[in-house]
There are 2 protein chains.
Amino acid sequence: MGHQYVHGYHPRENERLHDQAGTLVELLHSDTRYPAGSVVLEVGCGVGAQTLTLARQSPGARFVSVDISADSLAEAERRADLAGLTNVEFRQADIFALPFADGSFDHVFVCFVLEHLTRPVEALPILRRLLRPGGTITVIEGDHGSTYFHPDSAAAQQAIDCLIQLQRMAGGNALIGRQVYPLLREAGFDAVRISPRMVYVDASRHELVDGFTRKTFTAMIEGVREPAVAAGLIEPGTFDAGVQDLHRTTEPDGVFCYTFFKGVAEAT
Amino acid sequence: MGHQYVHGYHPRENERLHDQAGTLVELLHSDTRYPAGSVVLEVGCGVGAQTLTLARQSPGARFVSVDISADSLAEAERRADLAGLTNVEFRQADIFALPFADGSFDHVFVCFVLEHLTRPVEALPILRRLLRPGGTITVIEGDHGSTYFHPDSAAAQQAIDCLIQLQRMAGGNALIGRQVYPLLREAGFDAVRISPRMVYVDASRHELVDGFTRKTFTAMIEGVREPAVAAGLIEPGTFDAGVQDLHRTTEPDGVFCYTFFKGVAEAT
């Protein structure tokens, strides 16, 4: 996969991802349910942020959740055990070398993974072949270019742009959400249907102010301060002002907007 | 009101607004229904793009639709007559000098109006006082800063920025959508509830490709070529490249995103 910057590998990042899943779980996952008896491949499960929700929501389905990181898998397994889940099997594997026969799965689930791949358009046909005819893939990705807020702030936009640039330097694409449709089409999937999931946060939505604007998005930006400054992408003072302005959007007159893209498509 | 640039005053603009309403009508207005017997003030009805939908959807309500432009009102009245509507009364008036007593209305409806006002925060309390206690206001505004697309294009973003700057020079605010919540709160409204209406367009959504990306948004940008170049905001070649790139997003692998904000709040 060859990326230098990947979410979910450090304790603070882990906490962030779980905050994110806890806050966004309804918005992103409430309509993902798999029938009893179906076999679902989750690719890039990381520390299990989505796995627990998926497995709980579809207790009759069997999940095979893979990740390239043994450490993440160990943590995911620990959490699944704690939650008493018995319908998930964890396996270490690279998305470009998955140890499964063609047509092995009824469904594939991929969340916050394509953004980190240098070759997303090569990964998707691999996943398509693992599906039985008529099986579905679900892809969820964010898009940092969908971020805007009130009060507006050039410094905050520059700080966000650092994350976009760092992800690009690592071979990824922080603007991939808007591309889920063309990527799935190019990979040969049919019946591609995208539903954007906009996170709109104003002061009346207390849970999202804290759970999304503050602890998910702004925390994620804060997390790249060191590499952004080290790479010469921004002055430390500008970065800090940008982060302060992101926190400013959590005040009573502030507004924050971000959009995730969820795509479902069929293998034929 | 003192603005130089206002939508809806020229034939081509009129056509654009009607294309827009025709395409977006379900997204923006399908959940706006007023009970029989209620009296609704529509402020800034222009050529009646929204009036017809409102009056058709709530045949038992009585609408008073005002605009500052006699020409626009004449056109709105013509359209209402053609549509056989009998529950709309048109009146010429300035939003800052409305000829109605306090508490005269059950509901107020304001769509694509605040973006053009130099003092939106002063207009809203005026409208609040025209409502009976417990009456509601509905505000709908776009936000050009919510625009992003695939393939991305710096020239297209620059062309869009010309419209944002022209509107600012005319005293308006093309980024007002994200501010509907704080504006309604600051104006003293209660129970403010915002629902963003994202227009997501990919090649599978033929009607929106043509009706929104091409004939509404890109046509709107094309419409400011002359003033943008005359104001020295952009080189003609860059502008034209930007417009071409906006059209590029209507191809089979293209994606276009824009968000409107609809707010409903109560007067107490």
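So that the names make sense, note that chain A is the first sequence line, chain B the second, and so on, each numbered from 1. We use all heavy atoms of the structure for the numbers below, so side chains are in, but hydrogens, waters and symmetry mates are not.
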* Among B:Cys257, B:Ser195, B:Ala203, which has the most heavy-atom pairs under 4.5 Å with chain A? ->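 So the answer, after comparing B:Cys257, B:Ser195, B:Ala203, is B:Ala203.
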I'd like to check [X] versus [Y] (side-chain heavy atoms, cut-off strictly below 4.5 Å). Are they in contact?
X: B:Thr259; Y: A:Tyr200; answer: no
X: A:Arg178; Y: B:Asp152; answer: yes
X: A:Val255; Y: B:Pro182; answer: yes

* Would one find more than 12 heavy atoms of other residues, nucleotides or ligands at under 6.0 Å from atom CD of B:Glu251? ->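 Yes, CD of B:Glu251 has more than 12 neighbouring heavy atoms, counting only those of other groups under 6.0 Å.
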* Can you tell me if CZ on A:Arg185 sees more than 12 non-hydrogen neighbours from other groups inside 6.0 Å? ->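 Not buried by this count: 12 neighbours or fewer within 6.0 Å.
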At a 4.5 Å cut-off on heavy atoms, which part of [X] comes close to chain A: side chain, backbone, both, or neither?
X: B:Ser146; answer: both
X: B:Pro151; answer: neither
X: B:Leu175; answer: side chain
X: B:Phe261; answer: side chain

* **Closest contact, heavy atoms only, B:Ser204 versus A:Tyr181** =>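 Shortest heavy-atom contact: N-OH, 3.5 Å.
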* Asked: Nearest 0.5 Å, what's the CG-CZ distance between B:Asp202 and A:Arg193?
  ->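 Between atom CG of B:Asp202 and atom CZ of A:Arg193 there are 7.0 Å.
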